[in-house]
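Start at 1 and go down the list; that is how both ligands and their atoms are numbered.
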Amino acid sequence: MLQLYFSPMACSLASRIALMEAGLDARYHQVHLWTKKLADDDSDFRSLSPKGAVPVLVLDNGERLTESAAVLQYIADVNPERGLAPPPGNADRYRLQEWLSFIGTEIHKAFLFPTFWYKDDGSLAKPRARIQQTLSVPAAHLTGREFLVGNSFTVADAHLTWAMLLLRPAGVDIAQWPSLSAYLERMQARPAVREAIATEMALRKTVAA
Ligand SMILES: N[C@@H](CCC(=O)N[C@@H](CS)C(=O)NCC(=O)O)C(=O)O
């Protein structure tokens, strides 16, 4: 059985959503990101994954996979019938990777990560200004479209849903982009997404990006 190392409402939420949308059973292990300890037994998370970051997906052969873009595509490919990623070689697979990369770098690392992890001594002013321009890209793309890639839910939507959820606590009101607020509402109406969020909100003590 697949195993996911996660922290409540961190970017690993996208992997939980993907597992649930894929209809895959998994074992979930909570990580305390500040102390790098596992909730299971207080052991050192870094000895499992030197990056010290979630998500980590442990595969059936015991290998460990990190990086949301890789983990999400792996989950999608375990159960291809669910259509959570276009098949390898399909032109839309590159569109999927394009979005996963944009969300992971331009939204997550350029904005959400510093906002939640660094003390705001004024140095966050530039990322704060830049995120407005960054978010206008998915806002324009999603005008008149239901999903990021093709005509159905993919793991790119799982990733963007997570990022959208954290924008409000990060001080960004997505109501200024009606296509993004409508998108988030649509995504949150999906049973798997709703259940994944409810599970993690119940576990959450701190929000970490
Ligand atoms: N590039 C990684 C970033 C993962 C990441 O930054 N995860 C955060 C939670 S959202 C984390 O575990 N941070 C703890 C740390 O960096 O010490 C990915 O896309 O998966």
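For the atom pair Gln3 CD and Tyr28 OH, the distance stands at 11.5 Å (nearest 0.5 Å). The line from CG of Leu38 to CG of Leu48 is 6.5 Å long, rounded to the nearest 0.5 Å.
Within the cation-pi definition used here (under 6.0 Å to the ring centroid, within 45° of the axis), Arg130 does not qualify as a partner of Phe111.
For Val54, a nitrogen or oxygen atom sits less than 3.5 Å from a nitrogen or oxygen atom of ligand 1, counting backbone and side chain alike.
For ligand 1, the atoms sitting less than 4.0 Å from at least one non-hydrogen atom of Gly52 are 14 (C), 15 (C), 17 (O), numbered in the order shown with element in parentheses. Less than 4.0 angstrom separates some heavy atom of His108 from each of these atoms of ligand 1: 5 (C), 6 (O), 10 (S). Annotation for ligand 1: atoms under 4.0 Å from non-hydrogen atoms of Ala10 are 9 (C), 10 (S). Close approach of ligand 1 to Pro55 is summarised as follows: ligand atoms under 4.0 Å from at least one heavy atom of the residue are 20 (O). Per-residue contacts place Glu67 under 4.0 angstrom from the following atoms of ligand 1 (heavy atoms of the residue considered): 1 (N), 2 (C), 18 (C), 19 (O), 20 (O). The ligand atoms of ligand 1 that sit less than 4.0 angstrom from a heavy atom of Ser68 are 18 (C), 19 (O), 20 (O). Less than 4.0 angstrom separates some heavy atom of Cys11 from each of these atoms of ligand 1: 4 (C), 5 (C), 7 (N), 9 (C), 10 (S).
Contact annotation: for Leu33 versus ligand 1, heavy atoms closer than 4.0 Å belong to the side chain alone. Residue contacts with ligand 1 for Lys109 involve side-chain atoms from C-beta outward but no N, CA, C or O (heavy atoms, distance under 4.0 Å).
The only option from Arg190, Arg82, Arg16 that meets the salt bridge (charged side-chain N to carboxylate O under 4.0 Å, His left out) definition with Glu21 turns out to be Arg190.
A single hydrophobic cluster is seen to contain both Trp34 and Tyr118, as judged by linkage of ILVMFWY side chains at heavy-atom distances under 4.5 Å, directly or through other members.
At a 4.0 Å cut-off, at least one heavy atom of Lys36 sits close enough to ligand 1 to count as contact.
Every side chain to side chain contact (heavy atoms under 4.5 Å, CB included) that Thr143 has, sequence neighbours left out, goes to Ser179. Residues forming a side chain to side chain contact (heavy atoms under 4.5 Å, CB included) with Ala14 (at least two apart in sequence, or on another chain): Leu72, Ala158, His159, Trp162.
No donor-acceptor distance shorter than 3.5 angstrom exists from the side chain of Asp157 to the backbone of Phe147, with no hydrogens or angles considered.
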